Amino acid sequence: MEVAAGESEARGVRVSSVFEVVDHAEVPAHPDPPPPPPDPKDFVSSAEKDKAPLTALSLYPGRKLTVGDRVYAKGALHRTTKCASGTQGALGQVLTKNGCEQLIRATYRRDGVAVTVGVATFKTADVAARVKEETSGNVASLAGEGVPTFCRTTVCRSTANAYGRYVYFTVGGFTNGDNVTKQDRAVFTTGDDVAEFTLRQIHRRGVAQASQAAAAQ
């Protein structure tokens, strides 16, 4: 008995089999996954990528800083490319030898306490990290806009931190000339609030530039 291709016989009953050919070339392939979002810190870690305009007012906008229930009035602002001119002690030499591009200072005050923050920019994050480790002296306090001269001859609290290619310093104390002690928590809190705000502002620059880069991909 002959059986045709695609057919079979069983007990005299002929059964036809149907074969379907699928063109797999027409099945859509899985799309390539989108690239990972850019890291915001990358955009504030080198002058090559950090191209957004930077001014004293863009870094410290508004007339006050509010942190929880604490409200600080903003005093004077100052920006210079002669970084050493806004420092005290050996800090000017450290900034200059490491190629400081600019120094932005701002002062905030509340209840007889004032803090000046200074932000210095460098070519790369590696240079900024080195500056932080070599820091000696501090930024010079910035008087004006209702804030008298402070922290020039008295004991004050100072800090230094780095994020990306930015190094930011604070110097804080009493506007009446009293020396700062470890028990003066208001001075420490004010300095920490201003430093944290500065870090957030720098990070926001990175986020904004990373978002623009992602949109252009």
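What you see is a predicted model, and the numbers here were worked out from it, not measured in a lab.
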Task: Pair Thr198-Tyr60, side-chain donor/acceptor within less than 3.5 Å - done: yes
- [ ] Please determine, by modelled atom types, if Thr107 and Thr116 share a side-chain donor-acceptor pair under 3.5 angstrom.
- [x] yes
Task: Listed once per pair and sorted, the side-chain hydrogen bond (donor to acceptor under 3.5 Å, both in side chains) pairs that draw on residues 166-179, sequence neighbours left out - done: Asp50-Tyr166, Thr159-Thr170, Tyr166-Arg205, Asn176-Asp178
Open item on the list: Distance check, rounded to the nearest 0.5 Å: Cys151 atom SG versus Gln88 atom CD?
Closed with: 8.0 Å
TODO: Just jot down the side-chain contact (heavy atoms from CB on, under 4.5 Å) partners of Gln201, sequence neighbours excluded, or say none.
DONE: Leu59, Pro61, Phe197, Arg204
Open item on the list: Can you pull out every disulfide bond (SG atoms under 2.5 Å apart) where at least one residue sits in residues 50-85? Sequence neighbours excluded, please.
Closed with: Cys83-Cys100
Open item on the list: Going by side-chain contact (heavy atoms from CB on, under 4.5 Å), name the residues that satisfy it together with Glu134, two or more places apart in sequence or in a different chain.
Closed with: Val94, Lys97, Asn98, Arg130
Task: Heavy atoms of other groups near Arg63 CZ, more than 12 under 6.0 Å - done: no
Task: Crowding at NZ, Lys74 (>12 non-hydrogen neighbours, <6.0 Å) - done: yes
Open item on the list: Any heavy-atom pair between the side chains of Val167 and Asn161 that's under 4.5 Å?
Closed with: no
Open item on the list: Within the 4.5 Å heavy-atom criterion, are Glu145 and Arg109 side-chain neighbours or not?
Closed with: no
TODO: Kindly compute the distance separating OG1 (Thr190) from CZ (Arg157), expressed to the nearest 0.5 Å.
DONE: 9.5 Å
Open item on the list: When you compare the side chains of Thr189 and Arg70, does any donor N or O come within less than 3.5 Å of an acceptor on the partner?
Closed with: no
Task: Residues Asp193 and Arg110 bridged, charged N to O under 4.0 Å - done: no
Task: Intermediate values then yes/no, salt bridge (Lys or Arg N to Asp or Glu O under 4.0 Å), Arg165 and Glu101 - done: CA-CA 11 Å; Arg165 71 187 192 101; Glu101 299 170 328; 2.6 Å; yes
Task: Main-chain N/O of Gln93 paired to Thr96 side chain as donor or acceptor, under 3.5 Å - done: no
TODO: Can you sort out the partners of Asp39 under side-chain contact (heavy atoms from CB on, under 4.5 Å), two or more places apart, ordered by chain and number?
DONE: Lys41, Asp42
Task: Sub-4.5 Å side-chain heavy-atom contact between Val194 and Leu65 - done: yes
Task: Gln102 vs Ile104 side-chain heavy atoms within contact, under 4.5 Å - done: yes
Task: Asn138 to Leu91 - nearest heavy-atom pair and separation - done: C-CD2, 3.3 Å
Open item on the list: For Arg152, is the CZ atom crowded, meaning more than 12 foreign heavy atoms sit under 6.0 Å from it?
Closed with: yes
Task: Sequence-distant partners of Thr181, side-chain contact (heavy atoms from CB on, under 4.5 Å), two or more places apart - done: Gln183, Asp184
